[in-house]
Undergrad: 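I have a structure here, written as structure tokens, and I will follow up with some questions on it.
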Amino acid sequence: PFESARYHIWKTFQTMMIDPFQVIKDMNLDKTKGKKEGTRYWKLKSKKYYFYLSIVIIYSLIIYFISLVGLVSIISDFRKKILPKNLFLIYMLFILIIAYFLLVSGWMGNPRYFTPCMPFLLFFTSRGIEKFFK
């Protein structure tokens with residue numbers, strides 16, 4: 001059970017990566033075995049792979065930090081009685097939907113399975129952006 005949980009958590013973190021280069025990588029990858037090896041970006045010593053990976057990690061961390069600020073803002077507004085209870089419940093439903101998709105498809109490790117969660121994450125991100133500008 002410990003090894004399974006560790007694998008599931010690791011793959012869930014891979015799924016949660018927001019990859020702005022997903023289409024570029026899918027279109028430019030050589031998925032055949034007969035072609036030369038130099039065209040594959042995922043080779044361990046490829047500089048392109050580490051460059052894209054670092055951008056994806058930084059981009060994801062920025063988005064999730066802004067979303068976390070938005071979530072904290074929502075919770076603090078609810079505690080201060082600024083945010084109505086029904087709107088707060090809708091935000092909590094969004095968190096449950098995101099958690100559901102991560103539990104069901106997180107173990108696959110592919111960011112495209114996190115795509116249905118993006119509209120719900122956008123509500124928290126927009127709230128965080130609003131907090132930064134205030």
Undergrad: Tell me whether Ile57 is reachable from Phe21 by hopping between hydrophobic residues (I, L, V, M, F, W, Y) whose side-chain heavy atoms are closer than 4.5 Å.
TA: yes

Undergrad: List, by chain and then residue number, the residues other than Leu122 in its hydrophobic cluster (Ile/Leu/Val/Met/Phe/Trp/Tyr, side-chain heavy atoms under 4.5 Å); write none if there are no others.
TA: none

Undergrad: Please verify the inter-ring angle class for Phe120 with Phe94; under 30° counts as parallel, over 60° as perpendicular, anything in between as tilted.
TA: tilted

Undergrad: Decide salt bridge (charged side-chain N to carboxylate O under 4.0 Å, His left out) for Arg112 and Asp19; before the verdict, give the C-alpha distance in whole Å, the side-chain angles of both, and the deciding distance to 0.1 Å.
TA: CA-CA 9 Å; Arg112 70 175 172 214; Asp19 193 358; over 6 Å; no

Undergrad: With sequence neighbours excluded, what pairs up with Tyr7 under the side chain to side chain contact (heavy atoms under 4.5 Å, CB included) test?
TA: Lys11

Undergrad: CH2/Trp107 to OG1/Thr12 distance, rounded to the nearest 0.5 angstrom?
TA: 10.5 Å

Undergrad: Taking only residues at least two apart or on different chains, which pairs with a member in residues 66-86 satisfy ring-ring contact (aromatic ring centres under 6.0 Å, His included)?
TA: Phe78-Phe88

Undergrad: Could you list who else is in Val69's hydrophobic cluster, with ILVMFWY side chains joined at under 4.5 Å, directly or through other members?
TA: Ile58, Ile62, Phe65, Ile66, Ile129, Phe132, Phe133

Undergrad: For Phe13, enumerate each residue passing the ring-ring contact (aromatic ring centres under 6.0 Å, His included) test, keeping only those at least two apart in sequence or located in another chain.
TA: none

Undergrad: What are the two closest heavy atoms between Pro116 and Pro119, and how far apart are they?
TA: O-CD, 3.4 Å

Undergrad: Who pairs with Ile95 by side chain to side chain contact (heavy atoms under 4.5 Å, CB included), at least two apart in sequence or on another chain?
TA: Leu71, Met92, Phe124

Undergrad: How long is the straight-line distance from OH of Tyr64 back to CG of Leu121, given to the nearest 0.5 Å?
TA: 6.0 Å

Undergrad: Working note: Phe114 + Ile98, criterion side chain to side chain contact (heavy atoms under 4.5 Å, CB included); need CA distance, chi angles, decisive distance, verdict.
TA: CA-CA 8 Å; Phe114 191 65; Ile98 292 170; 4.2 Å; yes

Undergrad: Using side-chain heavy atoms (C-beta onward) and a distance below 4.5 Å, is Phe101 in contact with Thr15?
TA: no

Undergrad: Do Leu93 and Tyr100 share a hydrophobic cluster, counting only Ile, Leu, Val, Met, Phe, Trp and Tyr and linking them when any side-chain heavy atoms are less than 4.5 Å apart?
TA: yes

Undergrad: Examine Leu87 and Leu89 and state if one hydrophobic cluster contains both, with Ile, Leu, Val, Met, Phe, Trp and Tyr joined whenever side-chain heavy atoms are less than 4.5 Å apart.
TA: no

Undergrad: Please round to the nearest 0.5 Å and tell me the distance separating atom CD1 of Ile9 and atom CG of Leu102.
TA: 12.0 Å

Undergrad: Rounded to the nearest 0.5 Å, how far does CG of Leu83 lie from CD1 of Ile90?
TA: 9.5 Å

Undergrad: Test of understanding: clusters of I, L, V, M, F, W, Y form through side-chain heavy atoms closer than 4.5 Å, transitively. Do Leu61 and Val72 belong to the same one?
TA: no

Undergrad: Decide yes or no for Ile18 and Val56: does some side-chain heavy atom of the first lie under 4.5 Å from some side-chain heavy atom of the second?
TA: no

Undergrad: Could you give the distance from CD1 (Ile74) to NZ (Lys131), rounded to the nearest 0.5 Å?
TA: 10.5 Å

Undergrad: Please confirm whether the backbone N or O of Met17 pairs with a side-chain atom of Ser60, one donor and one acceptor, at under 3.5 Å?
TA: no

Undergrad: Quick check: is Val104 connected to Met16 through a chain of hydrophobic side chains (ILVMFWY, heavy atoms under 4.5 Å apart)?
TA: yes

Undergrad: What's the separation between atom OG in Ser73 and atom CD in Glu130, rounded to the nearest 0.5 Å?
TA: 7.0 Å

Undergrad: Looking at His8 and Leu103, what are the two nearest heavy atoms and their distance?
TA: CE1-O, 3.7 Å

